[in-house]
Amino acid sequence: MSVINRLVVLLPGFEHMPVEAHHRRFLREAAKTAPVYDMSLQEDGALKVSSAEGGVSVGEFTLATAGANWSARTDFVLYGLGDINHFYAARNPAIRVLSGIAALIDFIVSGTFFRFLSTSWRYALFFLYPLVIMGAIAALSYGSGRIALGLTQQAAVAVAVGLATALVLLVVAAQKMHFLLIMDDWTFARDMARNRRPDITAKLHQVISDAAARISQAAPATEVVVAAHSMGAICALHILDAALQQNDSRRYGLLTVGSSLLKLALHPAAKALRASVEAVARSRAIWVDAQSLTDPMNFYKSNPVRDLNIADAESPVLVKVRFRSQLCDETYRSIRRNFFRVHRQFVYGVEKRSAYSWHAILCGPESFADVAARGGLPCECAAQSSSSMKIAETATI
């Protein structure tokens with residue numbers, strides 16, 4: 001009977017959620033996934049929440065999983081990056097919009113947007129999304145003002161109607177289209193690339209230092225995996241870089257899903273991040289990067305090593321994920337037009353067995369090295385397996 005012991009460092013994406021909410025979601029979705037992969041699952045003890053130096057919450061919990069002739073105990077360390085993100089959400093809405101506009105302009109003027117186009121044109125469309133929303137709000141507000149002016153012949157009334165329309169549309173965009181969250185996301189990316197907010201950078205450095213220290217204390221027989229969703233990938237690369245500086249003989253695992261790593265790494269000012277990517281790519285670390293065509297918020301068909309021109313380095317194992325193949329038709333139809341929900345599907349439960357599952361990889365019987373070598377989880381369906389096959393790519397110089 002095989003017994004697996006793991007330490008998983010969990011890094012969520014850019015969401016204004018506390019660690020308690022992330023923990024509840026992980027358990028809920030893991031419980032959905034477990035029977036699909038013939039696993040039993042139980043939490044061993046309660047969530048322990050503490051605060052790392054710098055004020056970032058840290059959640060610790062353990063899951064015990066088992067199946068035919070195997071068992072696993074996985075200790076999770078979940079960092080509340082939402083404590084950092086909350087700073088951006090707490091600002092005045094006008095400031096959030098204006099700072100987001102400044103960030104978008106920065107990414108255009110610096111040439112980063114054009115690198116998006118050449119790396120993953122679908123992500124370039126996501127970049128344009130908030131600009132389209134702002135253009136629609138401006139056009140509709142102007143149109144309503146013109147109509148009011150025609151009806152009343154009073155400029156003051158027209159201005160008031162136009163401003164009221166803009167305000168209502170902004171509220172709708174924030175609630176239904178995550179407009180303000182997107183603007184915060186771009187502001188955060190610009191701040192990180194240019195180190196414009198030393199206070200935020202200091203908090204991230206405390207997370208990196210704390211995670212690297214925990215990794216260094218793991219027993220030699222413990223499998224260590226750093227797992228990150230979306231913008232969490234940025235922190236993940238820095239953590240592994242720091243862990244490698246403490247012990248480069250150990251073979252760590254890195255799982256990035258729906259990654260926004262290149263969003264920042266392609267910015268010319270993000271030299272520190274590119275250095276961390278280079279260090280990890282040239283190490284013995286095993287890197288699996290899951291991507292999906294359905295998700296407009298990840299860099300589909302990208303390869304960080306190739307796209308950052310890192311020579312003499314190992315490319316990640318690129319796993320293509322088809323959400324349609326791991327969800328029932330009704331579930332897939334209910335989420336496919338909500339691209340934020342699609343983006344989160346990387347860390348949600350599955351209803352059908354396929355070569356990718358966030359929870360089965362992190363809690364199941366397969367070692368991370370085996371998952372990487374196979375290009376995904378074992379699954380009976382050849383069609384599903386082929387859609388998640390490993391893409392063998394050589395880093396280009």
Side-chain angles (χ1 to χ4, degrees), residues 12-18 21-22 81-110 112-113 116-117 120-145 159-193 196-197 200 229-232 234 258-260 262-264 267 294-299 334-348:
F14 194 88
E15 296 183 84
H16 307 316
M17 286 173 56
H22 280 294
L81 300 184
D83 294 342
I84 298 174
N85 303 340
H86 181 71
F87 161 79
Y88 293 91
R91 299 173 303 160
N92 181 283
I95 298 297
R96 296 172 72 181
V97 173
L98 292 174
S99 64
I101 292 172
L104 293 170
I105 292 173
D106 183 315
F107 275 77
I108 294 172
V109 172
S110 67
T112 311
F113 167 70
F116 293 164
L117 277 174
S120 178
W121 64 266
R122 291 176 180 84
Y123 195 83
L125 293 180
F126 170 67
F127 175 90
L128 295 174
Y129 177 72
L131 297 176
V132 171
I133 291 177
M134 286 187 289
I137 290 175
L140 292 172
S141 300
Y142 176 77
S144 67
V159 171
V161 169
L163 291 175
T165 302
L167 181 60
V168 170
L169 291 175
L170 180 60
V171 171
V172 171
Q175 294 179 347
K176 303 295 184 181
M177 303 176 183
H178 306 282
F179 175 65
L180 292 179
L181 176 63
I182 293 174
M183 299 305 269
D184 292 343
D185 187 33
W186 283 108
T187 301
F188 173 75
R190 180 198 182 203
D191 288 349
M192 291 303 98
R196 294 184 66 253
R197 293 209 56 96
I200 300 297
H229 175 231
S230 192
M231 286 287 275
I234 293 164
S259 172
S260 295
L262 292 178
K263 173 179 188 171
L264 192 56
H267 194 292
T294 315
D295 175 22
M297 296 172 65
N298 75 155
F299 283 81
S334 70
I335 72 168
R336 65 179 180 179
R337 299 189 187 282
N338 182 341
F339 65 79
F340 268 89
R341 175 59 181 82
V342 168
H343 184 55
R344 294 185 181 114
Q345 180 56 38
F346 281 107
V347 296
Y348 270 60

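The side-chain heavy atoms of P12 and H22, taken from C-beta on, include a pair separated by under 4.5 Å. Between L131 and M134, some side-chain heavy-atom pair lies under the 4.5 Å cut-off. Contact annotation: the side chain of V159 approaches that of L163 to within less than 4.5 Å [non-hydrogen atoms, C-beta and beyond]. Side-chain atoms of L128 and F113, non-hydrogen and from C-beta on, do get closer than 4.5 Å to each other. Side-chain contact between S230 and H343 is present, with at least one heavy-atom pair separated by less than 4.5 Å. Between I200 and M192, the closest side-chain pair of non-hydrogen atoms falls below 4.5 Å. Side-chain contact between K263 and D185 is present, with heavy atoms from C-beta onward closer than 4.5 Å. Within the 4.5 Å cutoff, side-chain heavy atoms of M183 are placed close to those of P130.
Residues that satisfy the side chain to side chain donor-acceptor pair (under 3.5 Å) test with D184, not counting sequence neighbours, are R91, R96. Applying the side-chain contact (heavy atoms from CB on, under 4.5 Å) rule to R196 yields the partners R190, D191, R194; only residues at least two apart in sequence or on another chain are considered.
Residue H267 comes nearest to D106 through the heavy atom pair NE2-OD1, 2.8 Å, listed as atom of the first residue, atom of the second, then distance. Smallest separation of non-hydrogen atoms from T187 and S99: OG1-OG, 3.1 Å.
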- Message: Determine whether M231 and E15 satisfy the following criterion, side chain to side chain contact (heavy atoms under 4.5 Å, CB included), listing intermediate values before the conclusion.
- Response: CA-CA 9 Å; M231 286 287 275; E15 296 183 84; over 6 Å; no
- Task: Would you sort out whether I101 and W186 count as a side chain to side chain contact (heavy atoms under 4.5 Å, CB included), showing the intermediate values?
- Result: CA-CA 9 Å; I101 292 172; W186 283 108; over 6 Å; no
- Would you please test M17 and N85 for side chain to side chain contact (heavy atoms under 4.5 Å, CB included) and show each step? CA-CA 9 Å; M17 286 173 56; N85 303 340; over 6 Å; no
- side chain to side chain contact (heavy atoms under 4.5 Å, CB included) between R197 and Y88, worked out: CA-CA 11 Å; R197 293 209 56 96; Y88 293 91; 4.0 Å; yes
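Distance check, rounded to the nearest 0.5 Å: OG1 of T294 to CD1 of I335 gives 8.5 Å. Distance check, rounded to the nearest 0.5 Å: OG of S120 to CZ of F127 gives 14.0 Å.
Ring geometry for F126 versus Y129: interplanar angle under 30°, hence parallel rather than tilted (30 to 60°).
Between F188 and F87, the ring center distance fails the sub-6.0 Å criterion. Ring centers of F116 and Y123: under 6.0 Å apart, within the cut-off.
For R341 and Y348, the positive end sits near the middle of the six-membered ring, less than 6.0 Å away and at most 45° from its axis.
Formation of a donor-acceptor pair under 3.5 Å by the N298 side chain with backbone atoms of D295 is found in this model.
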Which atom pairs, donor and acceptor, lie under 3.5 Å between side-chain atoms of residues 165-179 and protein residues at least two apart or in another chain?
| from | atom 1 | to | atom 2 | distance (Å) |
| --- | --- | --- | --- | --- |
| T165 | OG1 | S144 | OG | 2.9 |
| T165 | OG1 | V161 | O | 2.8 |

